Amino acid sequence: MSSRFSIVALAVAAALPTVASAVDFSYSGFSTAAYSQSDTNLADVGYTSQPDSIDKGGSFETDSKLGVQLTAKFNDNISATVQGVAYTDLTGDFEPHLDWAYVRAQATQSLSFRGGYLRAPTFMYSDSVFVGYANTWVRPPLEVYNLSPVYQLLGVDATYRAQLGAFTVTVNPYFGESEVDVSTLKLDVPEWKGLATTVNVGSFQARVGYGVIDLETDSNSVAALTDPLFAVPAALCGSCASEAQKLLIGGARIANLNVGVQYDDGTNLIASEYARSDADGGEYFMPDRYSAYVTYGRRFGNLMPYATLAGTRRETPLSTNAISIPALSAAVNGVIASQGATDQDSYSLGVRYELPSFSVVKGALVKFQYDHIDADGRGNLNNVQPGFDGKIDMVSASLDFIF
Amino acid sequence: MKFTVHTTSMLQRLRYLAVALLLLVSSAASPQNNSFAVDVIVSPSLAEITLDRSLLRAVFTMRVREWPDGTPVRVFVLPDDNPLSDRFYRERLGMYSYVLRRAWDRMVFTGTGFAPTVVRSESEMIELVRSTPGAIGFVRKRETSSRARPMPPRWQIVLLAAPAHE
């Protein structure tokens with residue numbers, strides 16, 4: 001990570017002009033103070049594999065964030081931005097992270113390039129998911145937003161924007177690498193590439209995104225299973241090697257497809273996304289899934305009630321009969337039964353209320369949200385315990401502001 | 001005697017009430033209310049621009065980066081808590097100010113764009129729009145606005161005169 005920091009620092013330094021007086025500095029920030037509580041201790045609601053997420057004991061950490069951003073605008077074409085955000089990461093620690101750090105070059109009015117730490121536009125709101133003020137919900141629908149295990153990209157992207165009559169078309173290719181620490185292991189992404197295309201016309205926005213992630217990891221927690229599976233001669237078990245591959249996160253390739261639409265006429269807001277994740281390798285831990293949600297909100301002055309329906313479906317089977325050796329088959333099926341998300345539906349009802357801005361606070365709002373989750377087995381939940389009946393009721397409240 | 005006095009008092013009250021109602025009705029459609037209407041102002045370089053509500057919304061949500069002639073779009077706004085801002089956003093764009101704020105902040109915090117330039121006063125707005133090619137802003141409607149051209153009829157676009165030194 002330190003060498004990556006150095007690369008970014010060098011890039012930023014290289015972009016610094018010699019005349020400091022020409023630089024236009026600006027700062028801004030955002031914060032979310034949130035509390036959520038569910039009605040059970042038998043399962044937690046949170047981001048994938050996140051320990052100590054939302055349960056009956058309540059959580060201030062899961063959705064709370066504090067972000068500060070500094071932008072140096074050298075001229076109309078070159079700027080550099082650093083954004084630090086304190087949030088609860090996938091290891092469960094609430095600590096500061098360098099979330100964005102990039103140099104932006106506006107080549108033409110239609111074309112810009114960025115290099116450094118970015119957020120890949122995997123989903124429609126991936127890049128702004130931490131900015132509570134900019135989001136409708138207390139947290140984005142996790143059925144969709146938990147589909148990708150990584151979100152921060154160290155690399156480059158380009159944004160090309162064209163006006164075609166009433167249509168504004170934005171094309172955003174990106175390329176780079178990533179890494180993320182989750183509770184039990186460290187995921188490396190040596191290569192991550194993708195493309196997001198957005199079309200805006202009037203109040204309507206449509207978006208298609210596609211990205212491919214190559215995964216590596218520093219540990220193999222199921223080596224005791226995969227090693228013997230690979231060792232079995234093909235003549236005895238023709239599928240053992242391919243089944244072993246489905247247990248390996250290292251070497252897996254995940255393809256994420258996302259289609260999103262949004263209609264916002266200033267009074268009515270409709271947002272919907274469909275996303276699917278297809279794994280080539282490692283699918284017993286990161287199963288093939290498709291997910292969707294639809295949100296409707298209506299503004300009444302400063303008040304906006306909203307409702308969301310969401311669901312996710314697992315396509316990877318929950319058991320396998322492809323392993324002809326009984327002992328290995330039982331062990332592999334035991335792993336499959338305990339890992340990876342399963343089907344889940346949820347609905348949410350919430351309300352946002354805009355508070356008057358004051359002093360340096362440019363905008364502030366409060367949100368209250370009720371969620372009902374209906375999971376088939378583990379669903380999209382963490383830390384699921386025996387006896388869990390799949391149903392969770394949860395309430396959340398947040399105060400979001402920007403400054 | 002008492003009866004007469006009472007009648008006079010009632011008539012007087014009715015007269016006051018009628019006057020108050022008249023004042024109320026007239027104030028609802030008074031020039032005072034019109035004087036709070038909003039003009040869109042554009043820089044002298046945009047003499048031929050045609051703005052409908054859809055384009056205006058795209059411009060103020062910072063989705064349009066350049067005008068059809070290639071001039072970069074420069075958007076100037078008043079602070080969010082200025083009543084004129086609220087009026088302009090609601091009446092001309094059909095949006096609440098916080099919806100715009102949300103769109104701008106999303107761009108700022110995701111590096112996909114910049115928020116409009118906030119000016120402190122209408123006079124500063126006029127000066128900056130007048131002197132900045134491709135600039136657009138809004139001010140309180142003035143009856144003395146010169147070269148006003150209604151297009152479309154729901155609002156006026158005021159093309160500012162070029163600065164004296166140009």
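Only a predicted model underlies this, so the values are computations on that prediction, with no experimental measurement involved. Residue numbers begin at 1 in each chain, while the letters A, B, ... track the order of the sequences.
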A:Tyr145 and its ring-ring contact (aromatic ring centres under 6.0 Å, His included) partner, picked from A:Phe123, A:Tyr151, A:Phe130: A:Phe123
What part of [X] lies closer than 4.5 angstrom to a heavy atom of chain A: side chain, backbone, both or neither?
X        : result
B:Val108 : both
B:Tyr89  : neither
B:Arg57  : side chain
B:Thr112 : both

Ring-face cation contact, B:Phe114 with A:Lys73, 6.0 Å cut, 45° max: yes
Centre of B:Tyr98's six-membered ring, under 6.0 Å away, within 45 degrees of the axis: is that where NZ or CZ of A:Arg352 sits? no
Check each atom of A:Asn302 against the heavy atoms of chain B and say whether the ones under 4.5 Å are side chain, backbone, both or neither. both
Counting only non-hydrogen atoms closer than 4.5 Å, does A:Gln163 touch chain B with its backbone (N, CA, C, O), its side chain (CB onward), both, or neither? side chain
I'd like to know which of [options] tops the heavy-atom pair count under 4.5 Å against chain B.
options                                : result
A:Met304, A:Arg114, A:Arg119           : A:Arg114
A:Asp99, A:Asp264, A:Asp265, A:Thr267  : A:Asp265
A:Thr159, A:Ile402, A:Thr168           : A:Ile402
A:Asp127, A:Leu269, A:Leu118           : A:Asp127
A:Thr170, A:Val131, A:Asn200, A:Leu365 : A:Asn200

When you check the side-chain N and O atoms of A:Tyr306 and A:Gln369, is any donor under 3.5 Å from an acceptor? yes
Distance alone, cut at 3.5 Å: any donor-acceptor contact between the side chains of A:Gln205 and A:Gln262? no
Answer yes or no: is there an ion pair linking A:Asp400 with A:Lys367, defined by an N-O contact shorter than 4.0 Å? yes
Quick one: does any side-chain atom of B:Arg53 pair with a main-chain N or O of B:Arg92 as donor and acceptor, under 3.5 Å? yes
Please indicate whether A:Tyr27 has more than 12 foreign heavy atoms, meaning atoms of other residues, nucleotides or ligands, lying under 6.0 Å from its OH. no
Among B:Arg90, B:Met107, B:Arg65, B:Met95, residue most engaged with chain A (heavy-atom pairs, under 4.5 Å): B:Arg65
